[in-house]
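Here is the structure we will look at.
Because the structure is a prediction, the values reported are computed rather than measured. Side chains included, hydrogens not; waters and symmetry mates left out as well; all remaining heavy atoms used. All chains are named by letter (A, B, ...) in the order of the sequence lines, taking the proteins before the strands, and each is independently numbered beginning at 1.
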There are 2 protein chains.
Amino acid sequence: MAVRGRPRSFDRDAALARAMHLFWERGYEATSLADLTAAMEINSPSLYAAFGSKEALFREAVGLYAATEGAGSREALAAAPTAKDAVATMLRRAVARFVGSGHPTGCFVVLGALNCSAENDAVRRYLAERRRAVARALRARLARAITEGDLSADTDIDALAAFYVTILNGMSLQARDGATRRTLDRIADCAMAAWGSLAASPARSRTTSSARAARRRSAKPPSISRDRRKPAAPDDTS
Amino acid sequence: MAVRGRPRSFDRDAALARAMHLFWERGYEATSLADLTAAMEINSPSLYAAFGSKEALFREAVGLYAATEGAGSREALAAAPTAKDAVATMLRRAVARFVGSGHPTGCFVVLGALNCSAENDAVRRYLAERRRAVARALRARLARAITEGDLSADTDIDALAAFYVTILNGMSLQARDGATRRTLDRIADCAMAAWGSLAASPARSRTTSSARAARRRSAKPPSISRDRRKPAAPDDTS
DNA sequence: TGGTTTTTGTAGCGATCGGCACGGAATCCG
DNA sequence: CGGATTCCGTGCCGATCGCTACAAAAACCA
């Protein structure tokens, strides 16, 4: 069945991309409808007919961002053969995105709605939930590495995931503050140089778990394990 | 000479503290004059007579924050005997501040004006400059450690400072997203566990610099040095 | 006490906010 | 072609934005 009525005279996807860039650069509340309609080259009734509201447009822009810019990180986590490779590739691609040309610096999910008034706090919480999803995905990749024997079961993957999420969030801020690609690369290098101090390698061959525990007690500790640490609270963010 | 005219009927310092908390929680633009006058329990003409404008009030609130909350970090950097102690103490105190009771989570300087419209971009840049000052102070402490023989001259203190600033910024975001003190402590632990991989210890006694260079070339590298790295651009943020 | 100075609360300024009513225009079906 | 349907641009809505004019009130000095 063909469409009835007068056809839309603008490219909805292109207009959404313009809106995403604006929201990405300024944030949700600091981007006005006048800014949006000017950049999208449409009038406000067209915007409301096509997207519903400013908040709905924002959420759709976040979805576009996740489907395009965010795809690389997910792919890196899934495809890398080891947890260390996965994290290193994720950081390297993040740096490339954060200072890439043709779009604002840093991560949209991190910087898109940090300062919100009380009435728009739902928007801030929406992005916060997406950030938690990133943290969960990273933690799940580390958990997979344990089942695959790539990472020792002693590794405190909650702390490890929270640590590298902190690196990601911090680099977004640095990028927005004008950090160069070289600086961000060096930060990522530092974060990966720490890997050996944080992630325990599994026992080489078929040592028993009690043997691993014995080795853990005796050896000079090159890594932080989660001995005597309570599990993270379920509502904790990272 | 005594003051002329009708005396002020409210406590200026207390009103400024209320304003600081509001700006800290919501950010510059998301905090309206109506919010401010309600919290400060004054009318807008009193606010303008006492502080000049919303932006001037914000800058004064930032000054109050730096003089109170920020004092601990500066003191920690200056007083600690070694660079490692300084950074560790700074991180530990930052965590305590980020989730302390009686005020918003995270750092005001980081979270106070991230999303600003074009006309208020000067406010965002003002806080960005304060963040750069923090980075410079940290770097200066690391440079001091080199002159004191506490840190090897090989250490890439630009990268090291940028790395720990990233940790600080990232933890502010995590705190704002609801991270618990325990999570932030573990992140700080991870960051400090990385110290050995990032900071080179100075040669033990009076080895020559050529001897240190030789050792640097031969040994399995336990640290990131700045060999063959260009110095950071002067306008780089960290 | 009268004059001067400064703060106070009321009331409202022009501008902008997100959002929408409305009539004309453009396309479809029959 | 007529009728139905959908989109477009003009114009404007009530609310809120940061900010201020104004006159009464409260302190000082002479």
Quiz item: Taking DNA chain D as the partner, which of residues 17-40 of chain A come within under 4.0 angstrom of it by heavy atom?
Solution: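 Those residues whose heavy atoms fall under 4.0 Å from DNA chain D, taken from residues 17-40 of chain A, amount to none.
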Roughly, in whole Å, what's the span from [atom1] in [X] to [atom2] in [N]?
X: A/Asn120; N: C/dC17; atom1: CG; atom2: C1'; result: 11 Å
X: B/Glu119; N: C/dT16; atom1: CD; atom2: P; result: 8 Å
X: B/Phe51; N: D/dG18; atom1: CZ; atom2: P; result: 16 Å

By salt bridge (Lys or Arg N to Asp or Glu O under 4.0 Å), B/Arg6 pairs with (sequence neighbours left out) none
Residue set satisfying salt bridge (Lys or Arg N to Asp or Glu O under 4.0 Å) with B/Arg26, at least two apart, ordered chain then number -> A/Asp121
For residues 98-118 of chain A, which side-chain N or O atoms pair as donor and acceptor with protein atoms under 3.5 Å away, sequence neighbours left out?
unit_1	atom_1	unit_2	atom_2	d
A/Thr105	OG1	A/Ala175	O	3.4
A/Thr105	OG1	A/Arg176	NE	3.3
A/Asn115	OD1	B/Leu114	N	2.7
A/Asn115	OD1	B/Asn115	N	3.1
A/Asn115	ND2	B/Leu111	O	2.8
A/Ser117	OG	A/Glu29	OE2	2.5

Checklist entry - Considering residues at least two apart in sequence or located in another chain, which fulfil the side chain to side chain donor-acceptor pair (under 3.5 Å) criterion with A/Arg8? => result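 Per chain and number, A/Arg8 pairs via side chain to side chain donor-acceptor pair (under 3.5 Å) with no residue.
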Report task. Using the test side chain to side chain donor-acceptor pair (under 3.5 Å), find all partners of B/Arg141 that sit at least two apart in sequence or belong to another chain. Result ->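 B/Arg141 satisfies side chain to side chain donor-acceptor pair (under 3.5 Å) with no other residue.
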Query raised in the report: Does the side chain of A/Tyr48 get closer than 4.0 angstrom to OP1 or OP2 of C/dC20 through an N or O atom?
Result: no
B/S/- along nucleotides 6-14 of chain C (protein heavy atoms under 4.0 Å) is BBSBBB---
**B/Ile157 to B/Ile146 - nearest heavy-atom pair and separation** =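 Smallest interatomic distance, heavy atoms only, reads CG2-CD1, 3.8 Å.
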Note to self: With side chain to side chain donor-acceptor pair (under 3.5 Å) as the rule and sequence neighbours excluded, what pairs involving residues 56-68 of chain B come up?
What the structure shows: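 Sorted pair list: B/Arg12-B/Glu60, B/Glu55-B/Arg59, B/Tyr65-B/Arg97.
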Residues 33-50 of chain B vs side chain to side chain donor-acceptor pair (under 3.5 Å), sequence neighbours excluded, gives B/Ser32-B/Asp35
